[in-house]
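Right, one structure below, let's go through it.
In what follows, chains are A, B, ... by sequence order, proteins preceding strands, each numbered from 1. Values reported hereafter were calculated over all heavy atoms of this structure, with side chains retained and with hydrogens, waters and symmetry mates removed. Remember, it's a predicted structure, so these values are computed and weren't measured experimentally.
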Amino acid sequence: MQISIYRYHPEQDQKPRMQTYEVEEQPGMMLREALLAIKEQDETFAFRHSCGEGVCGSDGMNVNGTNKLACVTPVSELKRPIQVRPMPGRPVIRDLVVDMTQFYEQYRNVQPYLIRKEPLPEQEIRQSPEDREKLDGLYECIMCGACSTACPSFWWNPEKFHGPQALLASWRFLADSRDQATEERLDALEGPYKLFRCHTIMNCVEVCPKGLNPTRAIGKIKDLMLEKSI
Amino acid sequence: MPIPHRPIPHRRFDALIIGAGGAGLNAALRLASADLRVAVVSKVFPTRSHTVAAQGGVNAALANVLPDDWHWHMFDTVKGSDYLGDQDAIEYMCREAIPTVYELEHAGVPFSRIDDGRIYQRAFGGQSQDFGGDQAARTCAAADRTGHAILHTLYQQNVRARTHFFDEYFAIDLIRDEEGVVLGALALEIETGETLVIEAKATLLATGGHGQVFRTTTNAFINTGDGMAMALRAGVPLMDMEFYQFHPTGVAGKGMLITEGARGEGGYLINGDGERFMERYAPRALDLASRDVVARSMVTEIREGRGCGPSKDHVMLRLDHLGADVVHHRLPGITDICRVFLGLDPAEQGIPVFPTAHYAMGGIPTDRYARVVAPARHGPEEVVPGLYAAGECACVSVHGANRLGGNSLLDILVFGRAAGTDILDYVAENPNHRPMREADIEPALTRLGRWDRTGEGESVAAVKADLRKLMEDHCGVFREDATMAEGVEKLKALRERVERVRLQDQSRIFNTARIEALELDNLVDVGMATLMSAYHRQESRGAHSRVDYPEREDEQWMKHSLYARDGDRMDYKPVRTKPLTVESFPPKARVY
């Protein structure tokens, strides 16, 4: 099979180009394995990857126009010729490797950690199974960046709009019965950009390799804000 | 393009932590919370560290589901270790497990819950109540994504504590001065290809395991034994490297991990005849016997022609009797893996499994404060000043010859924290950076510069593939003298070949080929440590099974191995059989 890959090497290329490689398709082959086969042919090709099973979140990339995680994308399901590009909207460092600084910065901006104000008990903080279930679909995020780099609002305002990943993280803590910083969290999300630049385009939901739903999380934050303001 | 000669920038921190998995991040959290200046160097963004892939859970005798006691946990761990674990460290870990899990929960880990709101605990292999009685339920779980939940929480808390991260920096080597004090490390910024010296009063190696040395492994691409190899090159021997765990349930032929929690929730193994063969090998514990026992039983079934599938080369893990609710709710990650990689629903069909390279019980020798200890003038356990190690790269030793499931997340957390605590004291007593001379950095620069050599040569990928095949063929579940002797010779030849490998890509910016070359150096060193240690141990104990020496020989071999890189030398030191406060558990026959 043929795979066409976005190549850009800042030390020698004036501009990016597409390069086509021939890879022998194996039964059950994931895209990451195909890329590793290309890496064996051409060691100058660079991409991030690690666990190979969709939990480390390293190998987000744009495949045939859609953001995907290479290690859980079977090549058999991809239309030919396969076109692989870096995730959009981020500066390209080299080939499929993009600069994720802004993405991580937005994550850190939402105070992505449990805040507890009362003294801590000697044992666990109790949480009912029902309350714990509210975190399902939120905590599983692997920070691959597929959602935020598929979001037009994030493309235009990556410094101001938190983006779907960070907002999913924000809701993960707002939804946690153990967290005691609801008001600060909501106050910090005020203003036209951080939260409200989401226009429910829902690209994020479409591309999430873990099946999570940042748009719904953003809606829940908005609901909670409304509830608190009346 | 060779790295031009110009002054290398230096940064100074109180503590340097190499590796951002559970051990590194828990140490960093302790130090940053105490307002030390902490640098964490990681070759990947922290949440991509392999702790993220741990599934089943972390052991602590909370007694939330069934009666439990840290002392029972200690007994199980000593027995599981096949009496090679150090009982002082094991007692410390099992006691500390309880506050450690509560601390994690307070930090935000989304543990699964039981009805009264306490942490959910599941059964895991090798666990018992009352010193070998009924099955215990000791493994605290966040569904089957416990490692992910813990790693993300620790990263989050480090964001709060303002830990200084050097993301996507590759550590080349430790820097030691003439007196042997560790002064920090040389690192390479992957994005720019620039070098950086990080000076620190204390340095912690928390780089994880080296599963990539085997062809089929549950480990990630990044698990290349970097810290272990750095220790070797700094003159520190590696301990008990022959004890490498093959996890019973890797997806056959592919290697993805299927958590032991799948059997903890009630799953079981069957052979090609549809028989629950563990009944013959472990009549009481059955499928929840210790991992070494289950892995050997599986391989024996297959060798005797009772495997499953057209080539009879695997066995099946059955979960379909548990019902979709239990399988999908308690094991959602496993459900995903089966759907994506096998195209099946584990609530309906069996999973083909085979023992898969998973975990290093051995590593850099430390004491229970996570201080690295090595043989020196005054004995076999002298502290290497300024150097700490924790997590899978370290050998405390709490796992001995075989690790129990649920004890590795525990190990990284307890000893990561212990390292942080001891570094606080060490830095208080050693408040100044020691002078670093150009010559101290030279060996690390030489290692890096070696890969600037150009010309024709073999590729990194070809040699790495051969290494992984070699280790699988010569150092697998069952071992014997002749195959290992041949393996040692082949590996020595392969080590020579590495000298002739050349990088065709000499660029600087995000050159992953250079990183993989540096990792190959590390893999060869830890591979040799593993194979040499295995070759020399003439007994069967825990994960080390010798066909030619099938018995455990306590008289001669109840001792730790030490492999030194210089001359491929083997040395040994005694097991610490005396716990801190309780009676010692003397070696007994190990029956499950």
Side-chain angles (χ1 to χ4, degrees), chain A residues 9-12 28 30 36 39-40 42-58 72 74 93-95 97 99-100 104 107-108 111-116 120-129 131-132 135-136 138-143 169 172-173 176 178-179 210, chain B residues 1 44-45 47-50 52-53 62 101-102 105-108 110-120 142-143 145 147-149 152-153 156-157 159-160 167 191 220-222 254-257 332-333 336-337 340-343 459-461 503-505 507-513 516:
Chain A
H9 187 346
E11 286 162 79
Q12 59 195 45
M30 296 291 168
L36 284 170
K39 177 80 175 164
E40 270 191 46
D42 179 356
E43 69 179 26
T44 68
F45 164 52
F47 70 111
R48 294 185 178 105
H49 68 99
S50 180
C51 74
E53 55 185 42
V55 293
C56 78
S58 301
V72 291
I93 295 170
R94 175 174 178 168
D95 300 340
V97 179
D99 183 345
M100 299 279 276
Y104 295 134
Y107 175 72
R108 288 190 283 262
Q111 294 191 288
Y113 38 79
L114 192 80
I115 298 176
R116 190 77 187 169
L120 293 165
E122 298 95 305
Q123 298 183 329
E124 63 268 69
I125 304 164
R126 301 278 178 121
Q127 183 173 50
S128 69
D131 278 340
R132 167 60 184 76
L135 306 181
D136 286 341
L138 306 175
Y139 83 96
E140 301 93 324
C141 173
I142 57 173
M143 300 178 69
R172 178 251 171 276
F173 290 99
D176 194 323
R178 299 170 296 171
D179 190 80
K210 305 308 281 185
Chain B
M1 171 183 1
V44 293
F45 182 75
T47 63
R48 324 234 180 268
S49 309
H50 198 52
V52 80
L62 306 184
V101 167
Y102 290 141
E105 194 278 334
H106 297 162
F111 283 110
S112 302
R113 301 288 170 154
I114 55 177
D115 284 342
D116 67 5
R118 289 182 297 159
I119 294 169
Y120 170 68
R145 303 186 174 106
H148 172 284
H152 279 251
T153 300
Q156 292 159 357
Q157 289 296 335
V159 167
R160 162 139 96 168
D167 296 335
E191 182 179 339
F221 193 79
I222 56 172
K254 294 174 185 271
M256 293 86 190
L257 174 66
D336 271 355
I337 285 178
V340 172
F341 292 98
L342 297 166
S459 75
V460 169
L503 270 184
Q504 299 310 314
D505 181 2
S507 66
R508 302 178 63 180
I509 294 176
F510 224 102
N511 184 344
T512 54
E516 288 174 30

Return the minimal non-hydrogen interatomic distance between A:V72 and B:F341, and the atom names on each side. CG1-CZ, 4.1 Å

Point-to-point distance, once rounded to the nearest 0.5 Å, from CG of A:L135 to CZ of B:R113: 9.0 Å

Short question: side chain of A:R94, backbone of B:I509 - any donor-acceptor pair under 3.5 Å? yes

With only heavy atoms counted, which part of B:F221 is less than 4.5 Å from chain A, the side chain, the backbone, both or neither? both

For chain B, find which of A:H9, A:E40, A:R132 contributes the most heavy-atom pairs closer than 4.5 angstrom. A:R132

Heavy-atom cut-off 4.5 Å, strictly under: side chain, backbone, both or neither for A:P121 against chain B? both

For the backbone of A:C56 and the side chain of B:H50, can you confirm whether one donor and one acceptor N or O come within less than 3.5 Å of each other? no

Please report the shortest heavy-atom distance between A:R108 and B:V159, naming the atom on each side. CG-CG1, 3.8 Å

Which atom pair, heavy atoms only, marks the closest approach of A:E122 to B:Y102? O-CD1, 3.5 Å

Quick check: do B:P332 and A:E140 have side-chain heavy atoms less than 4.5 Å from each other? no

Where do A:Q123 and B:H106 come nearest, in terms of heavy atoms and distance? O-NE2, 2.7 Å

Max heavy-atom pair count under 4.5 Å with chain A, selected residue of B:D336, B:I222, B:T153, B:T47: B:I222

Can you tell me which portion of A:P129 sits under 4.5 Å from chain B's heavy atoms? Options are side chain, backbone, both or neither. both

Let me confirm one number: the CD1-CD distance from B:I114 to A:Q127, rounded to the nearest 0.5 Å. 13.0 Å

To check you understand the geometry: which heavy-atom pair defines the closest contact between B:R118 and A:E124, and what is its length? CB-OE2, 3.2 Å

Quick one: closest heavy-atom pair of A:I115 and B:R160, and the distance? CG1-NH1, 3.9 Å

Under a 4.5 Å heavy-atom cut-off, does chain A meet the side chain of B:T512, its backbone, both or neither? both

Specify which of A:D179, A:D136, A:L114 makes the most heavy-atom pairs with chain B at under 4.5 Å. A:L114

Tell me which of these, B:A107, B:G343, B:A461, B:A220, has more heavy-atom pairs under 4.5 Å with chain A than the rest. B:A220

Trace of the side-chain contact (heavy atoms from CB on, under 4.5 Å) decision for B:V340 with A:M30: CA-CA 10 Å; B:V340 172; A:M30 296 291 168; 3.7 Å; yes

Flag the one option from B:D116, B:L62, B:N511, B:I337 with the top tally of heavy-atom pairs under 4.5 Å to chain A. B:D116

Between A:I125 and chain B, with a heavy-atom cut-off of 4.5 Å, which part of the residue counts as in contact: side chain, backbone, both or neither? both

For chain A, find which of B:V101, B:V52, B:V44 contributes the most heavy-atom pairs closer than 4.5 angstrom. B:V52

Can you tell which part of A:R178 gets under 4.5 Å to a heavy atom of chain B, answering side chain, backbone, both or neither? side chain

Please classify the contact between B:Y120 and chain A as side chain, backbone, both or neither, with a heavy-atom cut-off of under 4.5 Å. neither

Chain B shares the most heavy-atom pairs under 4.5 Å, among A:S128, A:P10, A:G57, A:G52, with A:G57

Look at the side chain of B:E191 and the backbone N and O of A:I93, then say whether any donor-acceptor pair between them is shorter than 3.5 Å. no

Distance check, rounded to the nearest 0.5 Å: A:K39 atom NZ versus B:S459 atom OG? 11.0 Å

Between A:F45 and chain B, which part of the residue has a heavy atom less than 4.5 Å away: side chain, backbone, both or neither? backbone

Hey, would you say the B:H152 and A:Y139 ring centroids sit under 6.0 Å apart? no

Hey, are B:D167 and A:R48 close enough for a salt bridge, meaning a charged N less than 4.0 Å from a carboxylate O? no

Heavy-atom pairs under 4.5 Å with chain B, option from A:C141, A:A46, A:P74, A:A169 with the top count: A:C141

So, the part of A:Q111 with a heavy atom under 4.5 Å from chain B: the answer is neither

Kindly say whether A:I142 contributes a backbone atom to a donor-acceptor pair with the side chain of B:R48 at under 3.5 angstrom? yes

